[in-house]
Amino acid sequence: MAKHAKLGRISSHRMAMFRNIVTSLLEHEKIETTQARATEVKSFAEKMITLAKRGDLHAKRQVMAFVMNEDVVKKLFDTIAPRYTDRAGGYTRTYKLDQRRGDAAPMVRIELV
């Protein structure tokens, strides 16, 4: 597994958080989160879209093992992946937002291109 930022969490909590954020991103196609989380989640989201572009059964099973919701997996394979057939990568973009009110954490909006 690649090296990722710890984000102050143990590995199982961190992976669960990444899975939840990627599922939300694919479901809503844009979310607001902290800059640190967005940079880590970006690679997972790109990998899920690349797998969905392959479209075979093994790719679907790999995506189902990571994404938390079957409806989101269906949306990913049926509507999101065909959008990017001619694109080699870079399926997400981030926009900087204001700082979070409570702790002044830098916030970003990550969305599908």
Side-chain angles (χ1 to χ4, degrees):
M1 182 176 197
K3 198 98 164 143
H4 294 287
K6 291 191 177 180
L7 301 174
R9 286 158 176 80
I10 62 173
S11 60
S12 59
H13 185 190
R14 189 170 52 248
M15 275 312 292
M17 181 183 66
F18 289 154
R19 291 175 65 192
N20 282 325
I21 294 174
V22 168
T23 302
S24 294
L25 175 63
L26 295 173
E27 182 178 5
H28 302 292
E29 299 190 17
K30 63 181 172 184
I31 56 169
E32 293 179 7
T33 185
T34 62
Q35 189 173 6
R37 287 178 185 172
T39 55
E40 296 299 321
V41 162
K42 193 172 188 172
S43 65
F44 288 109
E46 303 261 338
K47 183 174 181 179
M48 293 301 115
I49 294 171
T50 303
L51 284 171
K53 278 174 57 177
R54 266 191 8 217
D56 59 348
L57 181 62
H58 183 59
K60 193 165 198 169
R61 286 181 176 158
Q62 285 179 308
V63 171
M64 293 273 295
F66 191 83
V67 175
M68 307 287 267
N69 189 344
E70 282 188 41
D71 295 333
V72 175
V73 173
K74 185 167 174 44
K75 177 181 178 180
L76 176 63
F77 276 82
D78 294 343
T79 61
I80 296 174
R83 251 190 262 166
Y84 302 115
T85 53
D86 57 341
R87 193 177 187 101
Y91 312 116
T92 59
R93 89 168 49 110
T94 57
Y95 295 111
K96 288 189 178 186
L97 302 173
D98 290 338
Q99 293 178 334
R100 188 162 56 193
R101 202 177 147 101
D103 60 354
M107 298 294 287
V108 297
R109 174 181 291 126
I110 182 169
E111 63 183 29
L112 299 178
V113 176

Peer 1: Looking at R61, I'd like to know if its CZ atom is crowded, meaning that more than 12 non-hydrogen atoms belonging to other residues, nucleotides or ligands lie closer than 6.0 Å.
Peer 2: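 For R61, atom CZ is not crowded (no more than 12 foreign heavy atoms under 6.0 Å).
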Peer 1: For D98, look at atom CG and say whether over 12 heavy atoms of other residues, nucleotides or ligands are found less than 6.0 Å away.
Peer 2: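 Open: at most 12 neighbouring heavy atoms sit under 6.0 Å from CG of D98.
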Peer 1: Identify whether I110 and L97 are in the same connected component of the hydrophobic contact network (ILVMFWY, side-chain heavy atoms under 4.5 Å).
Peer 2: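 Different hydrophobic clusters.
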Peer 1: Taking E46 for its side chain and T92 for its backbone only, find out whether a donor-acceptor pair lies under 3.5 Å.
Peer 2: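 Such a contact is found between E46 side chain and T92 backbone.
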Peer 1: Any side-chain heavy atom of E40 sitting closer than 4.5 Å to one from R14?
Peer 2: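 Counting from C-beta outward, E40 and R14 never come under 4.5 Å.
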Peer 1: Just so I know, are the side chains of I49 and L26 near enough to count as touching, which here means a heavy-atom distance under 4.5 Å?
Peer 2: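 Side-chain contact under 4.5 Å: yes.
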Peer 1: Quick check: is V108 connected to F18 through a chain of hydrophobic side chains (ILVMFWY, heavy atoms under 4.5 Å apart)?
Peer 2: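 Looking at the clustering, V108 is in a separate group from F18.
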Peer 1: Taking I31 as the starting point, is it possible to reach Y95 by hopping between hydrophobic residues whose side chains are less than 4.5 Å apart?
Peer 2: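 No, no single cluster joins them.
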Peer 1: Looking at NZ of K60 and NZ of K74, how far apart are the two atoms once the value is rounded to the nearest 0.5 Å?
Peer 2: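 That separation rounds to 6.5 Å.
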Peer 1: Would you confirm whether R93, through its side chain, and V113, through its main-chain N or O, come within 3.5 Å as a donor-acceptor pair?
Peer 2: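 No, the answer is negative, given that no donor and acceptor are paired below the 3.5 Å cut-off.
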Peer 1: For residues L25 and A45, report the shortest heavy-atom separation together with the two atoms involved.
Peer 2: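 Heavy-atom minimum between the residues: CD2-CB, 3.8 Å.
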Peer 1: M68 and M15: same hydrophobic cluster, using ILVMFWY side-chain contacts below 4.5 Å?
Peer 2: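 No; tracing contacts between hydrophobic side chains, which count when under 4.5 Å, never links both residues.
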Peer 1: Could you check Q62 against H58 for side-chain contact (heavy atoms from CB on, under 4.5 Å), going step by step and ending with a plain yes or no?
Peer 2: CA-CA 6 Å; Q62 285 179 308; H58 183 59; 3.6 Å; yes
Peer 1: How close do P82 and F77 get, heavy atom to heavy atom, and via which atoms?
Peer 2: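 Smallest heavy-atom distance, with atoms named: CD-O, 3.6 Å.
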Peer 1: To the nearest 0.5 Å, how far apart are NZ in K53 and CZ in R83?
Peer 2: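 Answer for the NZ-CZ pair, K53 versus R83, is 13.0 Å.
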Peer 1: Flag the pair L51 / M48 as yes when at least one side-chain heavy-atom distance between them is below 4.5 Å, and no otherwise.
Peer 2: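 L51 reaches M48 side chain to side chain.
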Peer 1: Can a salt bridge be assigned to the pair E29 and K75 using a cut-off of 4.0 Å between side-chain N and carboxylate O?
Peer 2: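 K75 and E29: salt-bridged.
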Peer 1: Are V41 and M107 joined in one hydrophobic group, where the rule is that I, L, V, M, F, W and Y side chains link up if heavy atoms are under 4.5 Å apart?
Peer 2: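 No; tracing contacts between hydrophobic side chains, which count when under 4.5 Å, never links both residues.
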Peer 1: To the nearest 0.5 Å, what is the distance between OG1 on T34 and CD on Q99?
Peer 2: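 Answer rounded to 0.5 Å: 12.5 Å.
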Peer 1: Could you check if a side-chain atom of Y91 sits within less than 4.5 angstrom of a side-chain atom of I80, using non-hydrogen atoms only?
Peer 2: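 No - every pair of side-chain heavy atoms lies 4.5 Å or more apart.
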Peer 1: Quick check for you: to the nearest 0.5 Å, what is the distance between N69 atom CG and L76 atom CG?
Peer 2: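 Taking CG in N69 and CG in L76, the distance rounds to 11.5 Å.
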Peer 1: To the nearest 0.5 Å, what is the distance between OG1 on T94 and CZ on R109?
Peer 2: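 Interatomic distance, T94 OG1 to R109 CZ, rounded to 0.5 Å: 11.5 Å.
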